[in-house]
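Data block below; observations after.
Both counts, for ligands and for their atoms, begin at 1 and track the order of listing.
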Amino acid sequence: MLTKRTHSADETRALAETLGRAALPGDVLCLRGDLGAGKTTWTQGLARGLGVPQSEPVNSPTFTLLSEHRTARVPLFHFDVYRLEDSRGLYDLAWDEYLDEGGVVVVEWADKIADALPDNRLDIAIVSDGGEGRALTFTPHGARAEALLEALAP
Ligand code: ADP
Ligand code: MG
C-alpha cells in the first residue's frame, strides 16, 4: 500500500501520467472516491501517460458507461459504472471481453462492481480534504500491480 498527497488537479494528473507511462496491456485500475474526488482527473493524466493525444478529451463516461481511446500506445478503456445497480449490468457492456482486449482498463466507482473485478488489479482510493488536497491510496493486488506501483515509488 502506498499513499500520495496532491495539492492541485494538475498534480494529480502528473502523478497519473507517471503511472500511465509504466502501464502495460492488461493492467486494471479500480478507482474509488466520492463525486468530485478526482477519479476522472486522475484518468486524464493516465491517458496522457498512455499516449492518448492532447487533442482527445477524456471525460467521465457517466451516461455511456464506457469511453474507448484506441489512439494511444496502449488502448485505454475508461468505464464509469456509477449508474449501474450492480455487476449484472456489466454483461451488456461486454466487460469480460474488454478485460482481455489488450488495453488498460480504468473503472470509476469500482466498488459498485466489486464482485466482477479481476484478482489482479491496482485499487486507487481518492479522498478530498474539502479543498484542493487529495490523498490517493494505492493497494496493489498481484505481482503485476506491485511492479506497476513501483513507478510511483520515490
Ligand atoms: P470524479 O471523477 O471523482 O467525480 P472529477 O475528476 O470529475 O471527480 O472532479 C474533481 C474536481 O476536483 C475537478 O474539478 C478538479 O479540478 C478538482 N480538484 C481540485 N484539486 C484536485 C486535486 N488535488 N486532484 C484532483 N482533482 C482536484
Ligand atoms: Mg468521474
query: Numbering the atoms of ligand 1 from 1, which are under 4.0 Å from a heavy atom of Lys39?
result: 1 (P), 2 (O), 3 (O), 4 (O), 6 (O), 8 (O)

statement: Output for pair (Leu93 CG, Ile113 CD1), nearest 0.5 Å, gives 9.0 Å

- request: Would you mind checking which non-hydrogen protein atom is closest to atom 8 (O) of ligand 1, with the distance to 0.1 Å?
  value: Gly38 N, 3.1 Å

query: Side chains of Thr6 and Arg134: is there a donor and an acceptor less than 3.5 Å apart?
result: no

message: Check contact between Glu108 and ligand 1, using heavy atoms of the residue and a distance below 4.0 angstrom.
response: yes

- request: Can you confirm whether something in the protein, heavy atoms only, sits under 4.0 Å from atom 16 (O) of ligand 1?
  value: yes

message: Before you tell me yes or no, could you show the steps for Arg5 and Leu136 under side chain to side chain contact (heavy atoms under 4.5 Å, CB included), namely the whole-Å CA-CA distance, both residues' side-chain angles and the distance that decides it to 0.1 Å?
response: CA-CA 6 Å; Arg5 285 173 204 287; Leu136 296 98; over 6 Å; no

query: Under a 4.0 Å N-O cut-off, is there an ion pair linking Arg70 with Glu101?
result: yes

message: Taking 4.0 angstrom as the limit and counting only heavy atoms of Leu35, give me the atoms of ligand 1 inside it, by number and element.
response: 4 (O)

message: Students should be able to answer this: which protein heavy-atom is nearest to atom 7 (O) of ligand 1, and at what distance?
response: Thr40 CB, 3.7 Å

field: Protein contact to atom 21 (C) of ligand 1 [nearest heavy atom, distance to 0.1 Å]
entry: Ala9 N, 3.5 Å

- request: Identify, for atom 13 (C) of ligand 1, the protein heavy atom at the shortest distance, and state residue, atom and that distance.
  value: Thr41 OG1, 4.0 Å

- prompt: For residues Asp123 and His141, is any side-chain donor paired with an opposing acceptor at under 3.5 Å?
  reply: yes

message: Distance check, rounded to the nearest 0.5 Å: Arg144 atom CZ versus Leu24 atom CG?
response: 4.0 Å

query: When you measure from atom 9 (O) of ligand 1 to each heavy atom in Gly36, Gly33, Ser128, which option holds the nearest one?
result: Gly36

- request: Hey, could you give me the CZ/CZ distance between Arg83 and Phe63, rounded to the nearest 0.5 Å?
  value: 5.5 Å

- prompt: Hey, what's the ring geometry for Trp42 with Phe138, parallel, tilted or perpendicular (30° and 60° as the breaks)?
  reply: tilted

- prompt: At a non-hydrogen distance cut-off of under 4.0 Å, which region of Thr12 contacts ligand 1 (side chain, backbone, both, or neither)?
  reply: side chain

task: Specify the protein heavy atom at minimum distance from atom 19 (C) of ligand 1: its residue, its atom name, and the distance to 0.1 Å.
output: Arg134 NH2, 3.5 Å

message: Go through it in stages, so that I can follow the logic: the residues are Thr41 and Thr12, the test is side chain to side chain donor-acceptor pair (under 3.5 Å), and I'd like the CA-CA distance, side-chain angles, deciding distance and then a yes or no.
response: CA-CA 7 Å; Thr41 302; Thr12 295; over 6 Å; no

- prompt: Asp34 heavy atoms, cut-off 4.0 Å: which ligand 1 atoms fall inside?
  reply: 3 (O)

query: Is it true that Ile126 lies under 4.0 Å from ligand 1, counting heavy atoms only?
result: no

statement: among protein heavy atoms, the one nearest atom 20 (N) of ligand 1 is Glu132 O, 3.4 Å

query: Which protein N, O or S atoms lie under 2.8 Å from the Mg ion (ligand 2), given by chain and residue number?
result: Thr40 OG1, Ser60 OG, Glu108 OE1

query: Has the side chain of Lys112 got a donor or acceptor atom that lies under 3.5 Å from a matching backbone atom of Glu85?
result: no

message: With nothing but distance in play, are any N or O atoms of His7 less than 3.5 Å from an N or O of ligand 1?
response: no

message: Would you compute the distance between atom NZ of Lys4 and atom CG of Leu152 and round it to the nearest 0.5 angstrom?
response: 6.0 Å

task: Run the salt-bridge test on Arg21 and Glu17 with the 4.0 Å N-O cut-off and return the result as yes or no.
output: yes

field: Closest heavy-atom pair and its distance - Asp80, Ser60
entry: OD2-OG, 3.2 Å

